[in-house]
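Every value quoted in this text rests on a predicted model; they were computed, and no experiment measured them.
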Amino acid sequence: MKHHPFTLIEVVIALAILSLSLAGMFRLMGHSLKRISSAEDEWQEMHNLTQAAEYLLLTGSEEDLTVPDEVFPYQKYLIDCVVEEADDIPEELKSLENQLPLKKWTISLIRASDRQEVRKVIIDRLDYSEKEAAASETE
């Protein structure tokens, strides 16, 4: 049986196929790394916003809407919180006896470098401060 060596054209075609396969794989890996980095950034932003929102909601004070550096140590971001009366509540629900007012807390994560809002969360919350004030007046 005779052994036939590869011809030059067969070697060139095999190298071309190999190089196309490697180029496709490297391109796919590059896109995957970008998507992983993007997902990590999104997760970090949501984590930062959630951490600040939890602190603000647990402290519950509309007078002081700042988050201390010990709780929010991220230098790249700032937190902004605005508390307003909730919209779109039917009048018959607003006038119920012993009904606590509903407030809308808008908590925003702001990029410190350009002061652009990155993410925000809107939370509807009952305002217990009026009930507590009424209870302290009756005592």
Side-chain angles (χ1 to χ4, degrees):
M1 188 170 185
K2 232 177 177 180
H3 184 261
H4 293 286
F6 292 110
T7 64
L8 182 61
I9 193 92
E10 291 172 329
V11 172
V12 169
I13 291 174
L15 288 175
I17 291 171
L18 179 65
S19 63
L20 286 173
S21 300
L22 288 174
M25 183 183 69
F26 287 134
R27 184 172 181 200
L28 183 63
M29 285 178 50
H31 285 297
S32 297
L33 288 174
K34 284 181 187 175
R35 291 182 67 192
I36 289 170
S37 177
S38 168
E40 184 180 16
D41 291 344
E42 285 183 31
W43 179 87
Q44 186 65 46
E45 290 169 355
M46 285 304 298
H47 172 74
N48 294 351
L49 181 60
T50 303
Q51 189 173 359
E54 286 177 356
Y55 175 81
L56 289 169
L57 292 172
L58 285 173
T59 58
S61 172
E62 290 182 35
E63 291 79 34
D64 184 19
L65 295 174
T66 59
V67 181
D69 290 339
E70 300 86 46
V71 176
F72 192 80
Y74 312 107
Q75 301 299 319
K76 292 182 180 180
Y77 298 103
L78 305 170
I79 293 295
D80 181 44
C81 182
V82 177
V83 179
E84 306 169 319
E85 295 292 326
D87 302 335
D88 302 328
I89 298 176
E91 286 300 320
E92 61 270 7
L93 295 178
K94 287 182 182 179
S95 60
L96 293 175
E97 186 177 333
N98 296 326
Q99 177 66 37
L100 294 172
L102 187 63
K103 299 283 181 124
K104 178 172 78 170
W105 290 57
T106 305
I107 304 169
S108 302
L109 182 70
I110 299 171
R111 193 178 308 115
S113 60
D114 59 0
R115 304 283 186 192
Q116 291 293 318
E117 181 180 273
V118 179
R119 299 198 177 279
K120 75 175 178 181
V121 63
I122 299 172
I123 301 169
D124 291 331
R125 181 174 187 217
L126 293 174
D127 184 15
Y128 292 99
S129 62
E130 290 183 18
K131 184 176 183 178
E132 292 168 0
S136 63
E137 287 177 7
T138 58
E139 290 178 359

D80 CG to R115 CZ distance, which is reported to the nearest 0.5 Å: 10.5 Å
Remaining members of the apolar cluster that contains I36, side-chain heavy atoms under 4.5 Å: none
OG-CD distance between S37 and E42, expressed to the nearest 0.5 angstrom: 10.0 Å
L49 reachable from I110 in the ILVMFWY side-chain graph, under 4.5 Å edges: no
Contact summary for L65 and C81, nearest pair of heavy atoms: CD1-O, 3.5 Å
Gap between atom CG of L56 and atom OG1 of T66 - 0.5 Å precision: 8.0 Å
Side chain to side chain, E117 and R111, heavy atoms closer than 4.5 Å: no
Side-chain heavy atoms of K120 within contact of I107, under 4.5 Å: no
Student check: side-chain heavy atoms of I79 and N48 closer than 4.5 Å: no
L109 side chain near F72 side chain, heavy-atom distance below 4.5 Å: yes
Side-chain touch I123/V121, heavy atoms, less than 4.5 angstrom: yes
Nearest atoms (heavy-atom pairs only) where K103 meets D127: CE-OD2, 3.4 Å
Run the side-chain donor-acceptor check on residues 7-31: report pairs under 3.5 Å with partners two or more places apart or on a different chain.
unit_1, atom_1, unit_2, atom_2, d
T7, OG1, E10, N, 3.4
T7, OG1, E10, OE1, 3.4
E10, OE1, T7, N, 3.0
S19, OG, L15, O, 3.2
S19, OG, A16, O, 2.9
S21, OG, I17, O, 3.0

Inter-residue atom distance R35.CZ - E40.CD, 0.5 Å rounding: 15.0 Å
Any side-chain heavy-atom pair of E84 and V82 under 4.5 Å: yes
Flag for Y74-Q44: side-chain donor and acceptor within less than 3.5 Å: no
Within one Ile-Leu-Val-Met-Phe-Trp-Tyr cluster: L102 and W105, side-chain cutoff 4.5 Å: no
Shared hydrophobic cluster for Y77 and Y55 (ILVMFWY, side-chain gaps under 4.5 Å): yes
Joint hydrophobic cluster, V83 plus L57, side-chain heavy atoms closer than 4.5 Å: yes
Lys/Arg-Asp/Glu bridge criterion (N-O < 4.0 Å) met for D124, K104: no
